[in-house]
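One structure is given below, encoded as structure tokens.
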Number of protein chains: 2
Amino acid sequence: MATINDIAKYAGISIATVSRALNKPELVNADTRERVMQAAKKLNYFTNDKARQFNLKTKKLSLGVIIPYITSFYFGELYSGISRVAHENNIDLLLYELKSDNMAREGLTEAFSFAQRHLVDGVILASSHMPSEYDDLIEQLQMPVVLLLDAHESAKLPAFKVDDIRASFDAVAYLVSRGHRRIGMISALQTQRQERGEQLRLRGYKQAVDFYKLPYSHSFVVYGDMRFDDGYSAMKQLLAERDETGLTAVFAASDEMAIGAMRCIHDAGLRVPDDISVIGYDNLSVSNITTPKLTTIEQPFGQIGAEGARHIVKLLTEGEQLPEKGNFYMPYKIIERESVAENSASDK
Amino acid sequence: MATINDIAKYAGISIATVSRALNKPELVNADTRERVMQAAKKLNYFTNDKARQFNLKTKKLSLGVIIPYITSFYFGELYSGISRVAHENNIDLLLYELKSDNMAREGLTEAFSFAQRHLVDGVILASSHMPSEYDDLIEQLQMPVVLLLDAHESAKLPAFKVDDIRASFDAVAYLVSRGHRRIGMISALQTQRQERGEQLRLRGYKQAVDFYKLPYSHSFVVYGDMRFDDGYSAMKQLLAERDETGLTAVFAASDEMAIGAMRCIHDAGLRVPDDISVIGYDNLSVSNITTPKLTTIEQPFGQIGAEGARHIVKLLTEGEQLPEKGNFYMPYKIIERESVAENSASDK
DNA sequence: CTGAAAGCGCTTACAG
DNA sequence: CTGAAAGCGCTTACAG
């Protein structure tokens, strides 16, 4: 590919002038400038950004976006939010897919190494729980890191997310407002030592149970790994204990599980929402095309991505004294659709 | 950040040796090697790939992945396929999201410029119809380009995709095998001058109509823009003309439209598949969680991504004399689920 | 307004 | 086994 040297030769001038003509046209005589442009076009020249990066002064900002679950339903929205802000600020995005979900030290190390090798200026880490034991890796990274969707164990990094506890409380409160009192929950697995955002949702549910003095026993809560199939089998359990619990509504910690639960209810010959109401958590784009359409708590993925990106950009460009840690709670809302009905059961 | 110079100073040796210790350890004395490693660790050194790229001999291969619709349901699968192959071959992936769907000249130019600026070695262009009028851009790119999911207008570039005509023919044939004869189609919009892959599906439908001598009038075909809502309103039209057509089954050119159609049928008080059977096209992951689960033609997105990547890698590394143009048809199959029933209508 | 030269971080042929 | 030096493509302070 043509270099600035080729242009210089072709136009019969020095490379210094070529560089100037290309980057600071106003510093160059109109004639020469024109000659350079002609040559550049003729030779099909493209500026070599990698080379340019060496001159720290002209280095273009870039951000590493590290994310597991690139196949998840929300990835697109999240990325689009980040991408919009990056574009506005003329920043390159380098995507890195975390190979394993488990956030093993090894995976994270590899991802960070990718970021460093590519001379990225900051890192956006999405949807990955950050235990304190990785603090040394973050330290070594030597650049700002922002978390999306999940928080740092001890809030040592800025995290943009929904307040899971409050949002879950509200989900249950909504069900209560529609006349339900016997409310089950399909929660995230409790395997991890730390409490992930997803697990906070159970806390919100329990607070609501206490607050509204709802009937409760351990048969009201069942666990799954956030996906469709998990929701299905979790619901199966819930249904099996229904004689005891008298369930009229269910809160699922993810839309996928909620959709799985709806399907299970359907297969059991019951109907949503007539027999059992279901509310989810996420507002995935899928949730608007199920039958019935899912009522759910919206996580504003696009906005979360955008705000996270904006924050790191500020950190990088304005040198502003922004808080470098703590959780930034983004607004959630209840999307009312068709999966929750007014409860008319006798024990109302 | 620490450079190889810092290490050299710290360890009291030349940068040449440091470089060797890092890249070709076997060429270096065990002692010195050890000293270098210690220093590297101590100084938290990361190799600067950008700099390394200059030495053409050590340049790491990288591929640009250009894709519109990063929010589409199939993006994740497609990208994962590409990513797997890239990873196996130690190749970097640089993702670029085409801002507008319309494949305007401007958007493509920007994407290609991104690819050139980042010194990418080849480009994978997904899901974007390639009219011949852009041949000059491809020409200027001066690197291999592979198309995914859609073809070049005059087959001047290798394209990895499903044979839309045959697959669609088979979709209709499947319906016929289940006793249906009055079969409608929800097709892609016919706005473009060129025939996109999506539009080829209508050709397949028509061939099947001819082959099986199925009843047909223009009321059997209706058009939509591939999304859920389009499927919904298209189905509405089809339902409106049902007195005339006597429809018992529908073939939709995309799963999203099929799911929209199912919803429309449901809202009209009819049932899938009991009253009307529906078959889709794509096999999105969503299609397995609808109620009823969608019977559909599978496009092997992961495999398409992987094969496309593999092809370009071969082009790049083995210098093999591969065909640089033409369509490579990937295997599709019919995924039988719940949305198609045996037809027992009187006019069978 | 323009050119010669140094430097960005790294690799490797060439000597030793 | 190791070092001095050239070169990858580009930018910019310094002279002129």
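By convention in this document, chain letters (A, B, ...) are assigned in the order of the sequence lines, proteins followed by strands, and residues within each chain are numbered from 1.
- Pairs engaging residues 14-47 of chain A under the ring pair (Phe, Tyr, Trp, His ring centres under 6.0 Å) rule: none recorded [sequence neighbours left out].
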Exercise for the section: Go through the steps to decide whether D150(A) and K161(A) satisfy the test salt bridge (Lys or Arg N to Asp or Glu O under 4.0 Å), and finish with yes or no. Expected result: CA-CA 6 Å; D150(A) 218 327; K161(A) 62 190 291 289; 5.8 Å; no

Residues 35-42 of chain B side chain polar contacts: donor-acceptor under 3.5 Å, at least two apart:
unit_1 : atom_1 : unit_2 : atom_2 : d
R35(B) : NH2    : A11(B) : O      : 2.8
Q38(B) : NE2    : E34(B) : OE2    : 2.9

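- With sequence neighbours left out, the side-chain contact (heavy atoms from CB on, under 4.5 Å) criterion links S72(A) to Y69(A), Y74(A), F75(A).
- Nearest approach of L149(A) to L78(A), heavy atoms of both residues: CD1-CD2, 4.1 Å.
- Annotation: side-chain hydrogen bond (donor to acceptor under 3.5 Å, both in side chains) contacts of E110(A) (sequence neighbours excluded): Y96(A).
- dA13(C) sits 23 Å from dG9(C) when the P atoms are compared, rounded to a whole Å.
- At least one side-chain nitrogen or oxygen of K24(B) sits closer than 4.0 Å to the OP1 or OP2 atom of dT12(C).
- Taking atom CD1 on I4(B) and atom P on dG7(D), their separation rounds to 18 Å, with Å as the unit.
- When the side-chain nitrogen and oxygen atoms of N23(A) are compared with OP1 and OP2 of dC10(D), none of them lie within a distance under 4.0 Å.
- Each of F46(B) and L27(A) has a nearest nucleotide on DNA chain C; the 5'-most of these lies closest to L27(A).
- Applying the side-chain contact (heavy atoms from CB on, under 4.5 Å) criterion to P300(A), with sequence neighbours excluded, gives V162(A), Q303(A), I304(A), M330(A).
- Residues from residues 11-22 of chain A with heavy atoms under 4.0 angstrom of DNA chain C, sorted by number: I13(A), S14(A), A16(A), T17(A), R20(A).
- As a whole-Å value, the separation of I7(A) CD1 from dC10(D) P is 8 Å.
- For E307(B), the salt bridge (Lys or Arg N to Asp or Glu O under 4.0 Å) test picks out R310(B), with sequence neighbours left out.
- Among dT2(D), dC1(C), dC10(D), the nucleotide with an atom closest to any side-chain atom of V28(B) is dT2(D).
- The same atom, C1', is picked in dT12(C) and in dG16(C); the two are 16 Å apart, to the nearest Å.
- Annotation: dC14(D) and dC10(D) have their P atoms spaced 24 Å apart (nearest Å).
- The stretch residues 35-42 of chain A has no heavy atom under 4.0 angstrom from DNA chain C at all.
- Residues forming a side-chain hydrogen bond (donor to acceptor under 3.5 Å, both in side chains) with S113(A) (at least two apart in sequence, or on another chain): R117(A).
- If you take CG of N5(A) and P of dA4(C), they are 12 Å apart, rounded to a whole angstrom.
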Completion exercise
Read 5' to 3' with Watson-Crick or G-U pairs under 3.5 Å, [ ] for crossing pairs and | for partners on another strand, DNA chain D gives |||.||||||||.|||

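- Comparing the same atom, P, in dT11(C) and in dA15(C) gives a spacing of 22 Å after rounding to whole Å.
- Considering only the side chain of Y45(A), dC10(D) comes nearest among dC10(D), dT2(C), dG9(C).
- Partners of D31(B) under the salt bridge (Lys or Arg N to Asp or Glu O under 4.0 Å) rule, at least two apart in sequence or in another chain, do not exist in this structure.
- N89(A) pairs by the side-chain hydrogen bond (donor to acceptor under 3.5 Å, both in side chains) definition with nothing, not counting sequence neighbours.
- In terms of modelled atom types and a separation under 3.5 Å, the side chain of D6(A) and the main chain of T3(A) share a donor-acceptor contact.
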